[in-house]
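Whatever order the structure lists them in is the order used to number ligands and atoms, beginning at 1.
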Amino acid sequence: MAACDMSCCDGNFDKKSGCEEKTTRVLEGCIPLPLPDEMISEIVPKAKDYALLHGAGMRFKDTYNPDILQMAPFFLLPSAFPRREFDRVVKLQPLINILMHRIAHDHDFLESSLKNTIRVDDFTAKLWNIYLTVREEGVSQWVSLGMFRCDYFYCVPCQSAQQVEINTIASSFGALASRTGLTHRYVLGELRKPELLDHIPENNALAELCGGMISAWEVYGNKKAVIMFVIEDVTYNICDQRFHEYEIRRQRPDIHVIRQNLTQISKNGKLTDDKRLIIDGDEIAVVYFRAGYEPGQYHSEREWEARLTIERSKAIKSPSIQYHLAGTKKVQQEVARLGVLKRFLSEAEADLVGQLFTGLYSLDMGPEGDAAIQMAMENPDRFVLKPQREGGGNNMYGDEIKEFLEKVKDTPAREAYILMDKIRPPLQYNYLVRGGTEVKLSEVVSELGIFGVLIGNEKEIILNKFAGHMLRTKLSSANEGGVAAGFGALDSVFLFD
Ligand SMILES: Nc1ncnc2c1ncn2[C@@H]1O[C@H](COP(=O)(O)OP(=O)(O)OP(=O)(O)O)[C@@H](O)[C@H]1O
Ligand SMILES: [Mg+2]
C-alpha cells in the first residue's frame with residue numbers, strides 16, 4: 001500500500017513499527033547559516049515591522065488586551081521542503097477532499113469506526129448523538145462545505161510526505177500563512193537574494209477558503225442571508241479569523257459576516273418551521289466553525305443545544321456534523337487499515353492516497369489492541385498516542401505513553417485513543433522570531449498543511465479544489481508546534497529539487 005518499503009511506514013500491523021530514531025537528516029537552508037550578527041541585528045527589526053504591518057498578529061492569553069496586537073511568532077527565513085513531495089500532496093488534495101466527503105456520508109463506516117470510542121469518550125459521543133438526532137429527524141441541508149487542512153511531515157526514512165492528520169473543523173492559519181510568505185519574500189529581498197523568490201510557491205489560501213464560503217453562500221440561495229463564524233469566547237488567533245471576514249467582504253461586498261460564540265447562539269438563535277437558522281433577525285446561509293472542536297468550548301448543555309440547533313438547520317455548515325465525525329482521529333485510524341481506502345476510492349486512487357499514511361493502530365479491546373499496546377510500551381519513543389481531540393497539546397509521547405497505557409491497558413478507557421507511528425522529519429536550522437525572546441539559531445522541523453475546499457451532497461460534488469498551503473515550524477525538541485504556546489511558529493515553504 002505505501003510507497004516506501006520501510007516497515008515503519010506501511011501501516012501493516014504485524015511488522016516492526018516506528019521509524020528508527022537515529023535516522024536523521026539535516027536539510028540545507030535557503031541561504032548559508034548562521035547569518036553574521038550584524039545582519040541579524042539589521043534584518044530582524046525589519047522583518048518584525050513587515051510582519052506586524054501586514055497583519056501577522058495574535059493576542060496571547062497571558063498578555064491579553066483587546067487594544068493590542070502582538071506579533072505572531074515566525075521564522076526569519078522560509079524552510080526547505082522537497083518540491084516533489086509538495087507537488088504530490090497539492091495534486092492529491094482534491095482526491096483527499098473526495099475521500100473525506102465519502103467517509104462522512106458512509107453511515108455504516110462511521111458507526112462501526114466510532115462505536116467503541118463513543119462508549120468511553122463523552123465528547124465524541126455527544127457529537128455522535130447530534131449526528132443521530134439530525135439523521136433520525138431528517139437532514140434539512142444535505143450540502144456540506146468542507147474546508148480541510150491535511151497536515152504532513154516529510155518523513156526521512158520513507159523519503160516521502162506522510163500524513164499527520166486531516167482537519168475537518170477550524171482549519172486555521174490560511175490567512176497568516178499567506179502573510180508569512182509575503183514576509184519571507186520581503187526578507188529575501190532585503191538580504192539581496194531576489195533570485196531565491198521563485199522557490200517560495202504562491203499561496204492563495206485565504207482567497208480560496210473564503211471563495212469556498214462564498215460559493216456555499218450562493219448555493220444556499222438567499223441574497224439577504226449572512227455567513228456566521230462560530231467563534232471562541234475570546235479569540236487569540238484574531239488576525240487569521242478577521243482576515244477571512246475581510247476577504248469575504250473584499251470578494252463580495254454584498255455578503256455580511258457575523259460572529260457568535262456558542263453561548264450567544266444558544267440565546268440568540270432560533271429555527272423557523274422550515275428550518276431556517278435565524279440569529280438576531282439574520283438568516284444564516286453558511287456556518288463556519290472556528291470553535292466547537294473541544295469540550296471546553298461547550299460550557300454547559302446550552303452550548304450543546306446551540307450546536308444541535310445549527311445542525312438541525314438548513315444552513316450549510318463547515319463542517320457539517322458528519323464531516324466533523326469523519327475528521328476524528330479514530331475514523332482516520334480506521335481508514336488507514338489495509339484495504340479500507342478501496343471502499344471509498346478506485347484501486348489506483350487508493351494506492352496514491354495510501355502512500356501518504358503511516359502506521360495507525362486501534363487500541364480497542366481485543367488481541368489487536370493488546371498487541372498495539374505491547375508494541376507501544378516496548379518502544380514508546382516510536383509512537384504518538386492520540387485522543388479524539390483537536391487544537392493541539394492533547395497527544396502523548398515517550399514515557400508518558402508508557403505510564404498512561406500501564407494505567408488504562410485493561411480497561412475500555414483505552415478505546416478513546418489511537419496509536420500512531422511517530423514520523424521522523426528532517427532537521428534544519430532557522431531563527432525563531434518571537435516577542436520578548438532573543439533571536440537565535442535553532443534546530444527545527446517543519447509541518448506542511450494543505451488546504452482543500454469541497455462543496456457537495458451525497459450525490460453531487462459542486463466544487464472541489466486545492467486551496468493553498470501553510471507551513472508551521474517548531475523546535476526539534478518540542479513534541480507539538482502550538483503557535484500560541486510558543487513552541488511553533490509561522491513559516492513558509494522554500495521548495496528545493
Ligand atoms: N505521527 C506523528 N509523528 C510525529 N509528530 C506528530 C505525529 N502526530 C502528531 N504529531 C505532532 O503533534 C501535533 C499535533 O498532532 P495532531 O495534529 O494530530 O493533533 P491536533 O490536536 O489535531 O492538532 P491541530 O491543532 O494541528 O489540528 C502535530 O502538529 C505534530 O507536531
Ligand atoms: Mg487537528
Closest non-hydrogen protein atom to [atom], residue and atom name please, with distance?
atom	answer
atom 11 (C) of ligand 1	Tyr397 OH, 3.4 Å
atom 21 (O) of ligand 1	Gly392 N, 2.7 Å
atom 1 (N) of ligand 1	Asp421 O, 2.8 Å
atom 30 (C) of ligand 1	Glu447 OE1, 3.3 Å
atom 5 (N) of ligand 1	Phe153 CE1, 3.4 Å
atom 26 (O) of ligand 1	Arg472 NH2, 3.2 Å
atom 31 (O) of ligand 1	Lys474 NZ, 2.9 Å
atom 3 (N) of ligand 1	Ile423 N, 2.8 Å

- request: Go through the steps for Lys402 and Asp381 under the test salt bridge (Lys or Arg N to Asp or Glu O under 4.0 Å), then give the verdict.
  value: CA-CA 9 Å; Lys402 216 166 145 177; Asp381 286 336; over 6 Å; no
query: Given side chains that start at C-beta, do those of Ile455 and Val143 come closer than 4.5 Å, heavy atoms only?
result: yes
message: Quick one, Cys150 with Gln93, criterion side-chain contact (heavy atoms from CB on, under 4.5 Å). Give me CA distance, side-chain angles, the key distance, then yes/no.
response: CA-CA 8 Å; Cys150 244; Gln93 188 57 41; 3.6 Å; yes
Would you tell me which option among [options] has the nearest heavy-atom contact to [atom]?
atom	options	answer
atom 2 (C) of ligand 1	Asp151, Asn479, Val384	Val384
atom 8 (N) of ligand 1	Lys386, Arg424, Glu165	Lys386
atom 15 (O) of ligand 1	Asn167, Ile169, Val483, Asn395	Asn395

message: What verdict does the side chain to side chain donor-acceptor pair (under 3.5 Å) test give for Asn395 and Asn479, after you've listed the backbone C-alpha separation in whole Å, the side-chain angles of each residue and the deciding distance to 0.1 Å?
response: CA-CA 9 Å; Asn395 299 338; Asn479 282 323; over 6 Å; no
message: I need the minimum non-hydrogen distance between Ala336 and Leu360, along with the two atoms involved.
response: CB-CD1, 3.4 Å
field: Minimum heavy-atom distance between Glu311 and Ile321, given as atom pair plus value
entry: OE1-N, 3.1 Å
Just jot down the ligand 1 atoms closer than 4.0 angstrom to any heavy atom of [X], in number order.
X	answer
Arg389	21 (O), 22 (O)
Met420	1 (N)
Gly391	20 (P), 21 (O), 25 (O)
Arg149	26 (O)

message: Would you say the Mg ion (ligand 2) has Asn167 as a near neighbour, meaning an N/O/S atom of that residue under 2.8 Å away?
response: yes
query: With no hydrogens and no angle check, do the side chains of Gln355 and Gln163 hold a donor and an acceptor under 3.5 Å apart?
result: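 Per modelled atom types, Gln355 and Gln163 side chains form no pair under 3.5 Å.
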Pair Tyr361, Gln333: side-chain N/O donor-acceptor within cut-off below 3.5 Å: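 The criterion, which ignores hydrogens and geometry beyond distance, is not satisfied for Gln333 and Tyr361.
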- prompt: Yes or no on side-chain contact (heavy atoms from CB on, under 4.5 Å) for Met396 and Glu403, after CA distance, side-chain angles and deciding distance?
  reply: CA-CA 10 Å; Met396 286 183 243; Glu403 283 161 32; over 6 Å; no
field: Residue pair Arg414, Asp370: steps toward the salt bridge (Lys or Arg N to Asp or Glu O under 4.0 Å) verdict
entry: CA-CA 10 Å; Arg414 72 191 212 188; Asp370 291 346; 2.9 Å; yes
query: Going through the checks in order, is the side-chain contact (heavy atoms from CB on, under 4.5 Å) test met by Glu294 and Glu390?
result: CA-CA 6 Å; Glu294 64 175 22; Glu390 289 297 329; over 6 Å; no
message: Against ligand 1, does Lys329 come closer than 4.0 Å with any heavy atom?
response: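 Yes.
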query: At the Mg ion (ligand 2), what angle lies between atom OE2 of Glu165 and atom OE1 of Glu390, rounded to 10 degrees?
result: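 Answer comes to 160°, rounded to 10°.
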